[in-house]
Participant: 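Sharing a structure here in structure tokens format.
Note that ligands are numbered from 1 as they come in the structure, with each ligand's atoms numbered from 1 the same way.
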Amino acid sequence: METTEVLVVGGGPAGSTCAAQLRQAGLDVQLMDSHRFPRHKPCAGWITPEVCELLDLDLTDYRSGRVLQEIRGFQTGLIDGALTETHYGSIVSYGILRSEFDHYLLQRSGVRLILGESMTSMERSAGYWIVNGHIRARIVVGAGGHFCPVARHLGASIGHEEVVAAQVAEFALGLQESNECTLKPGIPALLFCRDMKGYGWVFRKGNYINVGLGRLDNRDVGRYAREFCTLLKRKGFLPERSSVQLRGHAYRLFQISGGRRLVDDGVLLIGDSAGVAHAPSGEGILPSIKTGCMAADAIVSAHGDYRREKLASYSARLASHFGNGNGNYSDKTAFPGIKRIFIAHLFYSRYFTRNVVLDRWFLHAGR
Ligand SMILES: Cc1cc2nc3c(=O)[nH]c(=O)nc-3n(C[C@H](O)[C@H](O)[C@H](O)COP(=O)(O)OP(=O)(O)OC[C@H]3O[C@@H](n4cnc5c(N)ncnc54)[C@H](O)[C@@H]3O)c2cc1C
């Protein structure tokens with residue numbers, strides 16, 4: 001039986017960030033993931049600059065041999081309407097490939113890795129968790145994404161929660177396809193559904209194209225996504241002959257679904273496992289990293305006493321940062337504060353698309 005102080009289950013951005021911080025604080029940490037890395041993760045791969053700051057990412061080192069697409073503007077509009085182009089004149093975000101990004105962070109964490117093994121069981125025994133019958137840990141951090149088994153252990157009713165459902169495809173462009181594609185690198189297009197329950201995106205980063213669509217209403221999301229791709233081919237944003245292999249995934253948006261139960265004796269949840277992605281953009285990488293940092297702080301501050309009441313500061317800090325999880329989004333559209341029927345009209349206003357859609361909802365301006 002192997003013994004460790006902390007076992008992190010899941011090697012995405014939440015898990016690798018938390019594990020790295022705990023190791024730096026001198027704790028004995030192991031991280032388990034079902035996959036061997038690099039692994040595929042369904043995602044658009046858009047990160048806001050705060051991600052790079054929080055991770056203290058050396059961008060020169062990162063971009064050598066990896067995709068790091070600078071984003072300086074956007075095209076926005078309704079799916080069946082005209083597009084407005086907004087230019088910032090400076091870098092406002094980056095595009096990465098999740099296979100590269102997650103692998104980089106995991107390697108950088110320097111913790112002991114157990115890869116290619118899924119967590120299937122956790123049992124309490126004499127103040128330890130016995131995981132999969134062969135790892136003994138004082139505390140387990142659930143970072144296994146939306147379907148995290150640790151979240152299930154804390155009572156999450158996975159499969160019965162309100163989620164955003166999304167379909168996405170990412171592929172490299174051949175030379176001819178690259179010449180045919182009219183989408184400019186560094187200027188992603190965001191096209192919103194007329195019922196305001198979601199949006200589609202298409203995004204060129206380096207030699208890759210990422211296309212997808214997410215909706216709060218998961219009925220027919222596959223059909224919406226396929227129709228979206230057909231439309232993009234007509235616009236010339238997707239090469240006509242490209243075969244787009246869409247893959248689906250679902251996750252919670254904190255401001256709509258609320259968070260999950262986060263803490264119990266010797267257990268904490270972070271990232272998508274905690275359900276902290278941001279509405280209305282669906283951004284999940286930044287909140288995952290933030291919760292990874294907050295959880296690491298709480299674990300270090302507990303000084304080995306991992307009873308629920310000692311870890312409660314984590315839930316409190318998360319609530320004070322993200323809110324109570326059922327604030328302004330009660331009409332279940334992806335958009336706060338404004339009645340759904342009026343929003344479609346506002347997309348014709350340059351002021352609205354720049355100051356509200358992009359700056360406030362997607363780029364966190366003023367936060
Ligand atoms: C289509 C789509 C597009 C998105 N686009 C963006 C975007 O552009 N920008 C953005 O910020 N967010 C985006 N998100 C959200 C973002 O992908 C997630 O919020 C983010 O990946 C959460 O990180 P995480 O570390 O919590 O979990 P994940 O990245 O999901 O990592 C969880 C890890 O846990 C492992 N795991 C799962 N179960 C087990 C188990 N039983 N045992 C061991 N390991 C396990 C998995 O293999 C995985 O490696 C998107 C999501 C979707 C679905």
Participant: Under the criterion ring pair (Phe, Tyr, Trp, His ring centres under 6.0 Å), I'd like the reasoning laid out for Y62 against Y94: C-alpha separation, chi angles, the key distance, then a yes or no.
Facilitator: CA-CA 12 Å; Y62 185 83; Y94 295 94; 9.2 Å; no
Participant: Answer with yes or no whether H278 contacts ligand 1, where contact means a heavy atom under 4.0 Å from a ligand atom.
Facilitator: no
Participant: For the 3.5 Å polar cut-off, considering only N or O atoms, please tell me whether V168 and ligand 1 meet it.
Facilitator: no
Participant: Relative to ligand 1, is R98 under 4.0 angstrom through side chain, backbone, both or neither, heavy atoms considered?
Facilitator: side chain
Participant: Around atom OH of Y208, are there more than 12 heavy atoms of other residues, nucleotides or ligands at under 6.0 Å?
Facilitator: no
Participant: Please confirm whether C43 approaches ligand 1 to less than 4.0 Å, judged on its heavy atoms.
Facilitator: yes
Participant: May I ask you to check whether over 12 heavy atoms, not counting those of R247, lie within 6.0 Å of atom CZ?
Facilitator: no
Participant: Tell me whether K310 at atom NZ has more than 12 heavy atoms from other residues, nucleotides or ligands lying less than 6.0 Å away.
Facilitator: no
Participant: With a 4.0 Å heavy-atom cut-off (strictly under), which part of H146 contacts ligand 1: side chain, backbone, both or neither?
Facilitator: neither
Participant: Does NZ or CZ of R354 come closer than 6.0 Å to the centre of the six-membered ring of Y88, within 45° of the ring's axis?
Facilitator: yes
Participant: Non-hydrogen atoms of P13 versus ligand 1: any pair closer than 4.0 Å?
Facilitator: yes
Participant: Hey, is G45 one of the residues with a heavy atom under 4.0 angstrom from ligand 1?
Facilitator: yes
Participant: So, 4.0 Å and heavy atoms of Y251: is ligand 1 close enough to count as a contact?
Facilitator: yes
Participant: Step through the shown structure and confirm whether more than 12 heavy atoms of other residues, nucleotides or ligands are within 6.0 Å of CZ on R219.
Facilitator: no
Participant: Does the side chain of R194 come within less than 4.5 Å of I79's, by heavy atoms?
Facilitator: no
Participant: Do any N/O atoms on W46 end up under 3.5 angstrom from N/O atoms on ligand 1?
Facilitator: yes
Participant: Answer with yes or no whether P149 contacts ligand 1, where contact means a heavy atom under 4.0 Å from a ligand atom.
Facilitator: yes
Participant: Under 4.0 Å, heavy atoms only, figure out whether ligand 1 is touched by the backbone of S288, its side chain, both or neither.
Facilitator: side chain
